[in-house]
Amino acid sequence: MTDARAAAAQAAAAAATEAYQRIVAALIRITGDWTLAEDCAQEALALALDRWPADGVPDNPGGWLMTVARNRALDVLRRGTVERRKLRELAVLALTAATGEPEREEIVDDRLRLIFTCCHPALPLEGRVALTLRTICAVPTPDIARAFLVSESTMTRRLTRAKTKISEARIPYRVPTALDERLPGVLAVLYLLFTHGYNPDGEPAFADEAIRLARLLARLMPAQAEAHALLALFLLQHSRRHARRDAAGDLVPLDRQDRSRWDRAAIDEAVGILSGLDEPGHGGPGPHEPGPYALQARIAACHATAASVPDTDWRRIADCYDRLAELQPGPVVELNRAVAHGYVHGPAAGLDLLARARAGGALDGYPLAIAAEADLTARAGDRTRAADLFRAAAAHAHGAVERRALLDRADELQEDPGSG
């Protein structure tokens, strides 16, 4: 790749990151055609890569892309049978692009419309995540298919069904008035997207996209405390990404990670966000009763700001899990609550709470629950049973990396009776 083409590609990528959502959102709003909007935005990017190396990068790359995408959509619509209203709105958009940037409120509304429509509860959850990746993040369909372990044709059909559902069910392309009812669903999609990138065998780029979208959502919805809290949670979790694997690519447990490799800038940003949730004037929406994501972020902050495992404020973590269990009861929350109480009150207390969490059978075969029992059992002194439990957890692990890490723990307990 020549220097000019490399520079053009870099400029196009930067412009796409900044303007792609706005272009797609504006064209969807006007044309009502999701595929047309995405195709025109992609064609504009391709044209930029073709022309910019020779012509130079324009002063306003985002505006250039918007103009090209708009003109392409106008050409397509003119060749079909289209309502005059849509053509008039495109003419207005053309005038806006020619005279300057649209009003900030219009950009905000378009982006929020796109996010809330992609995450509409009428769509299946897997469809919401896939549509978010494809339409908002511009992730290629083959990459999404690989992440979800399905074929490209299957993912294409899944995306088509989601778009068809939006059209046939007449899902409104707007920001809902009942934000308190719909926002949790949007945050859940971003959380699942982040998880797909953060898991041991996940696609790291998806975690980056989730952080970018969470940052955008927090900026567009400054009064929504949970949007800020979700961003803080992502930053805190992702701050450990470089320390989660050793040189051989194996997983390194939190208690054994080299904390000097953690991303201190991300941790400081997240802590600042959480401070803004507690006090007015700190960049957040001000004091709020903490919601589920705020509590999870505060738990993550306790780990991220501790100099070592013994220095970790386990009592505060246990308190947060107690409150989280009241707000969002569930077996996984109870599992983590048992682990936290095991550090505060001793392994016997943790094992007792874990037994209660597993009583209903929801955690049967869940490798993290078995591993938690193994860790608590080792700390209680029964190393042989703990090793057997780590092997049982490995047998239920979903990926090779996680399985290898659990087997390593089992081997350590047998090889070095004095450790742990």
- Message: I want to check something: taking the side chain as every heavy atom from C-beta on, are T141 and R134 in contact at a cut-off of under 4.5 Å?
- Response: yes
- Query: Which residues satisfy the salt bridge (Lys or Arg N to Asp or Glu O under 4.0 Å) test with R316, sequence neighbours excluded?
  - Reply: none
- Query: What closest approach, in Å, do T117 and P172 show between heavy atoms, and which atom pair accounts for it?
  - Reply: OG1-O, 3.9 Å
- Aromatic ring pairing F234/F194, orientation class (parallel under 30°, perpendicular over 60°, tilted between): parallel
- Message: Suppose we call two aromatic rings close when their centres sit under 6.0 Å apart. Are W262 and H238 close by that rule?
- Response: no
- Does atom CG of D258 have more than 12 heavy-atom neighbours, drawn from other residues, nucleotides or ligands, at distances under 6.0 Å? yes
- Query: What residues, two or more places apart in sequence or in another chain, satisfy side chain to side chain contact (heavy atoms under 4.5 Å, CB included) together with N199?
  - Reply: T195
- Message: Measuring from atom CG of L327 to atom SG of C320, what distance do you get when rounded to the nearest 0.5 angstrom?
- Response: 11.0 Å
- Message: Would you say that F390 contacts D411 through its side chain, given a criterion of any heavy-atom pair below 4.5 Å between the two side chains?
- Response: no
- Task: Could I get the full list of ring-ring contact (aromatic ring centres under 6.0 Å, His included) partners for F116, not counting sequence neighbours?
- Result: none
- R72 meets the salt bridge (Lys or Arg N to Asp or Glu O under 4.0 Å) criterion, sequence neighbours left out, with E43
- Query: When rounded to the nearest 0.5 angstrom, what distance separates CD1 in I23 from OG1 in T67?
  - Reply: 9.0 Å
- Query: Can R379 be said to sit on top of Y343's aromatic six-ring, NZ or CZ under 6.0 Å from centre and within 45° of the ring axis?
  - Reply: yes
- Might you point out which heavy atoms bring V139 and D143 nearest each other, and give the distance in Å? CG1-CB, 3.8 Å
- Is any NZ, NE, NH1 or NH2 atom of the basic residue among E412 and R256 found under 4.0 Å from an Asp or Glu carboxylate oxygen of the other? yes
- Message: Restricting to side chain to side chain contact (heavy atoms under 4.5 Å, CB included), what partner residues turn up for D352, sequence neighbours left out?
- Response: R356
- Message: When you compare the side chain of L413 with that of R383, does any pair of heavy atoms fall below 4.5 Å?
- Response: yes
- Item | With sequence neighbours excluded, residues passing ring-ring contact (aromatic ring centres under 6.0 Å, His included) with H345 | H341
- Query: Would you say the side chain of R241 lies within less than 4.5 Å of the side chain of P204, judging by non-hydrogen atoms?
  - Reply: no
- Note on the structure: The residue among T135, I166, V129, V189 that forms side-chain contact (heavy atoms from CB on, under 4.5 Å) with C118 is T135
- Message: Between L112 and L114, is there a side-chain heavy-atom distance shorter than 4.5 Å?
- Response: no
- Set of salt bridge (Lys or Arg N to Asp or Glu O under 4.0 Å) partners for D322, sequence neighbours left out: R337
- Using 30° and 60° as the class limits, which term best fits the ring planes of W52 and W64: parallel, tilted or perpendicular? perpendicular
- Which residues satisfy the side chain to side chain donor-acceptor pair (under 3.5 Å) test with R261, sequence neighbours excluded? none
- Message: Taking the side chain as everything from C-beta on, heavy atoms only, tell me whether Q296 gets closer than 4.5 Å to Y191.
- Response: yes
- Does H242 reach the side chain of D263, with side-chain heavy atoms less than 4.5 Å apart? no
- Side chain to side chain, V76 and L36, heavy atoms closer than 4.5 Å: yes
- Message: Strictly below 4.0 Å, N to O, side chains only: are E38 and K163 in salt-bridge contact?
- Response: yes
- Message: I need the single residue from D375, D250, D255 that forms a salt bridge (charged side-chain N to carboxylate O under 4.0 Å, His left out) with R409. Which is it?
- Response: D375
- Message: Nearest 0.5 Å, please: how far is CG in L231 from CG in L217?
- Response: 9.5 Å
- Task: Could you pull out all residues at least two apart from A355 that satisfy side chain to side chain contact (heavy atoms under 4.5 Å, CB included)?
- Result: none
- Out of curiosity, C302 SG to R315 CZ, how far, rounded to the nearest 0.5 Å? 12.5 Å
- salt bridge (Lys or Arg N to Asp or Glu O under 4.0 Å) involving E152 - partner list, sequence neighbours excluded: none
- Note on the structure: Correct closest heavy-atom pair for A69 and A44 would be N-CB, 4.0 Å
Table please: side-chain donor-acceptor pairs of residues 358-369 below 3.5 Å, with sequence neighbours left out.
from, atom 1, to, atom 2, distance (Å)
R358, NH1, E373, OE1, 2.4

- Task: Report yes or no: do T154 and S151 form a side-chain donor-acceptor pair below 3.5 Å?
- Result: yes
- Show the numbers, then the answer: is there a salt bridge (Lys or Arg N to Asp or Glu O under 4.0 Å) between E168 and R161? CA-CA 10 Å; E168 292 181 348; R161 283 197 299 270; over 6 Å; no
- Inter- and intrachain pairs under salt bridge (charged side-chain N to carboxylate O under 4.0 Å, His left out), touching residues 114-128, at least two apart: E126-R158
- In Å, rounded to the nearest 0.5 Å, how long is the span from CG of L324 to CD1 of I317? 12.5 Å
- Item | Stepwise salt bridge (Lys or Arg N to Asp or Glu O under 4.0 Å) test for R323 and E326 | CA-CA 5 Å; R323 297 173 72 181; E326 295 174 359; over 6 Å; no
- Task: Any chance you could measure Q237, atom CD, to H303, atom NE2, to the nearest 0.5 Å?
- Result: 8.5 Å
